[in-house]
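First the proteins, then the strands, lettered A, B, ... as listed; each starts at 1. Fair warning: this is a prediction, and the values are worked out from it, not measured in the lab.
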Amino acid sequence: MKNVMSNKFVIALYTLPALLLILVLIYIPITLSGYYGLMDWDGIGEMKFIGLENYITLIQDKMFWTSTWHSLLLAIFSTASLLLYLAISLVLASKIKGSDLLRKIYLIPMLLSSVAIAQLWMKIFDPTNGMANKLLEFFGVENTPIWLADPAIALYAIFIPVIWQYAGFYILIYYAALKNVPDEVIEAAKIDGASPLQIAFKIKLPLISNVFKVTIMLAVVGSLKYFDLIYVMTGGGPNGASEVMASYMYKEAFKLNNFGYGSAIGFGLLIICLIMTLLTSKLTKSKDDVQN
Amino acid sequence: MIKKKAFTSLMSLAIASGLILGGCSSKSSSDDGNKSSGDKTVVKMMHLWPEGSSNAQYTIVDDIIKAYEDENPTVDIQTEILGNEQYKEKIKVLSASNELPDVGITWAAGYMKPFVDGNKFTPLDDIVKKDQFVAGTLDAFSVDDSAYALPLELNITPVYYNKEIFEKYNLDAPKTYDEFLNVVKTLVDNGVTPVTLGNKDRWTGSMWYMYLADRIGGPETLNNAINRSGSFEDPALVKAAEELANLVDMGAFVKGFNGLSNDEAKGYFMNEQAAMYLMATWELPNYTTSPDVAQEFKDKVGYFKFPTYEGGKGDIDSYVGGPGVGLFVSEESKVKDEAKKFVSYLVEEWGKRSVTDAGVIPATVVDTSNGDLDQMYIDILNDLGSATNLTLYADVQMSAAVADVHLNQIQALFGGQSTPEEFTKTQEEALAAEK
């Protein structure tokens, strides 16, 4: 067996299926989208090669940078909300009554499809009949906001269901990680007289810091390419006030018949995602070094 | 151990539901694969009338397909149905990957042009019977004298209103713009939403602007601005934008209109939370024949023509409207002959059934003598007969890129982010840059 596994040909053969899959499903489409970005193409007729024109337009496109900023805002918000999820999982994992039931309740949004969530929250945000404004009116607020119709708050209004949507997913990950912290360590700390807060911050959190790093990465990349709720709830409007990179790409390619430019935006999105991934891993790594 | 079990079962539940949900969305496509292996000729069709929101149209198409399959047992028509906005986009995706259905729905003029230029639609001249259609409707679907789609609907756009609400405040259907403003003011003063509008979809607000432009500047002004024999900075077009901004300031439109889709906005009218609703006549079934709407509500709905503007050039019999959608046959279809046969059958049957069964106005010539038709339907048909002008929806007239500028500016004007001057100037620049 050892002989077989050291044979270079066999190694290549065994990795081939996975390699092919990644190549066909990921790297070839990425290359193709970069290539389409060099074209003037309406998605229907003939393609015309125009060199780097799309990419030059992209760099000067104000709307692209606005949508990039919106995506980054979402990344900041969702990374910050990780702390909230972590706090909830710490409480859930500390054997309080009903934690089992609560955990399942938190998981429900994860089971719903994005479109269902979007429909649900559009009803909640309805300016006249929606739950949000009914609640505000009940508390005596007179000028209730118009939520998704107000360019100043539409984007932030969508962040609420986004954070709600992913709560179950991250709480599940944190909960599992916290359950993996060995009981002996915690009991030893208790015997030494550590308070519950000290146990949480000095023992549990450092022990799950690797999981935390992974979730930061997931949250950042997930936010940068986020699309579903925004597309269904506002379509990027009103007037681009809630446009993010992915919805802008979709709009250019499929609504405005600009496949070439849409591909260029997609390629730009990829590069920004790569930069942010490198940046995040670098930032979290330095923390790791300090600890060691 | 028990906990672990609970966790696994929860996870498997999550995965299973994912599979089920995923299964729902791809069901139709997997069916296609199975059936096409049989000995029937499969013709795939896509349309945009879901059973829920466009029941009348859905039923007509469904009945026609059944009748056709009975007459031609060797043919199997398979449909895929999407809502309006999704349909508009999916058709482009399918076209880019050369997977257009054999038969599908398209809009006229600017929307259809890239498909014709890219040789995606097949010319239908061999099955066109010219005298079958109302004059002008076929032209909107023709390029270089060849028809690339057969029109189904013909629409004009009246203002529907709730007679009960009007009576309660002693209001009459307005004939002039001043009377209309008075209606709006009275309703606002009494805390009633005058007009519901789903301006998230943007073309809805465009129809308000188009009417004001028509009533103030006459039908040519806006058309000329779009076809570049005129300018978008024409004083009449600026004036129309000012009047619109004024209406918004008066509180004429439902709260949060820029965030509501047309379907959501329609709900306010159907639930009697708003007094007026400007929409094309494809809404007629909801006020006449649709079995899903209570007769009590249908009796309350009336309509009036968009009022005239004092000193304006447009007359009251000029409408925003025109042919709605038409049927195309894909150039790449492997069953082109069958598809064409089905299309001409569908158009002819649609012309008959849409009048008697649904109360939708077809693009084919209507015979009102047989059957008992709803009075509102007959009135609208007569209005259509005496129309002095039909202006095709602005966003359909324009190319996709300019239409997007126009629609964004509509939303900005309604939302107060663009002044009337910025509104007209931005569109003038976009139109000028295109040529």
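- Enclosure of atom CE in B:Met250 by more than 12 non-hydrogen atoms of other residues, nucleotides or ligands within 6.0 angstrom is indicated.
- Contact of A:Phe125 with chain B is not made at all, since no heavy-atom distance falls under 4.5 Å.
- In B:Glu332, the CD atom is crowded: over 12 heavy atoms of neighbouring residues, nucleotides or ligands sit closer than 6.0 Å.
- Closest heavy-atom contact between B:Gly259 and A:Ala149: N-CB, 3.2 Å.
- Considering every non-hydrogen atom in both B:Pro114 and A:Asp42, the closest pair reads CB-OD2, 4.0 Å.
- Only the side chain of B:Leu260 comes within contact range of chain A, with heavy atoms under 4.5 Å apart.
- A salt bridge links B:Asp404 and A:Lys251; the closest N-O separation between the charged side-chain nitrogens and carboxylate oxygens is under 4.0 Å.
- Around atom CG of B:Asp144, no more than 12 heavy atoms belonging to other residues, nucleotides or ligands sit under 6.0 Å away.
- Across A:Asp150, A:Thr144, A:Leu148, A:Asn258, the residue that shares the most heavy-atom pairs under 4.5 angstrom with chain B is A:Thr144.
- In A:Tyr35, the OH atom is not crowded: 12 or fewer heavy atoms of neighbouring residues, nucleotides or ligands sit closer than 6.0 Å.
- Taking all atoms of both residues into account, the shortest heavy-atom contact from B:Gln411 to A:Pro238 is OE1-CA, 3.4 Å.
- Heavy atoms closer than 4.5 Å to chain A are found in both the backbone and the side chain of B:Lys255.
- Atom OG of B:Ser95 sits about 11.0 Å away from atom CZ of A:Phe254, to the nearest 0.5 Å.
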- side-chain contact (heavy atoms from CB on, under 4.5 Å) evaluation trace for B:Lys200 with A:Met122: CA-CA 12 Å; B:Lys200 182 174 128 185; A:Met122 275 158 76; 3.6 Å; yes
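- Within the 4.5 angstrom heavy-atom criterion, atoms from both the backbone and the side chain of B:Asn408 approach chain A.
- Options B:Glu264, B:Arg202, B:Lys92 differ in how many heavy-atom pairs under 4.5 Å they form with chain A, and the most are formed by B:Lys92.
- One side chain, B:Gln273 or A:Asn129, offers a donor N or O that lies under 3.5 Å from an acceptor on the other.
- Atom NZ of A:Lys225 sits in a sparse spot, with 12 or fewer heavy atoms from other residues, nucleotides or ligands closer than 6.0 Å.
- Scanning both residues, A:Pro127 and B:Gly256, for their nearest heavy atoms gives CG-CA, 3.7 Å.
- With no hydrogens or angles considered, a side-chain donor-acceptor pair links A:Asp126 and B:Tyr268 at under 3.5 Å.
- The candidate with the highest count of non-hydrogen atom pairs below 4.5 Å against chain B, out of A:Thr234, A:Ile146, A:Asn239, is A:Asn239.
- Under a cut-off of 6.0 angstrom, the local environment of NZ in A:Lys48 is sparse, with at most 12 non-hydrogen atoms contributed by other residues, nucleotides or ligands.
- Contact record, A:Tyr250 with B:Glu89: OH-OE1, 2.8 Å, taken as the closest heavy-atom pair.
- Contacts between A:Val232 and chain B at a heavy-atom distance below 4.5 Å involve the backbone alone (N, CA, C, O).
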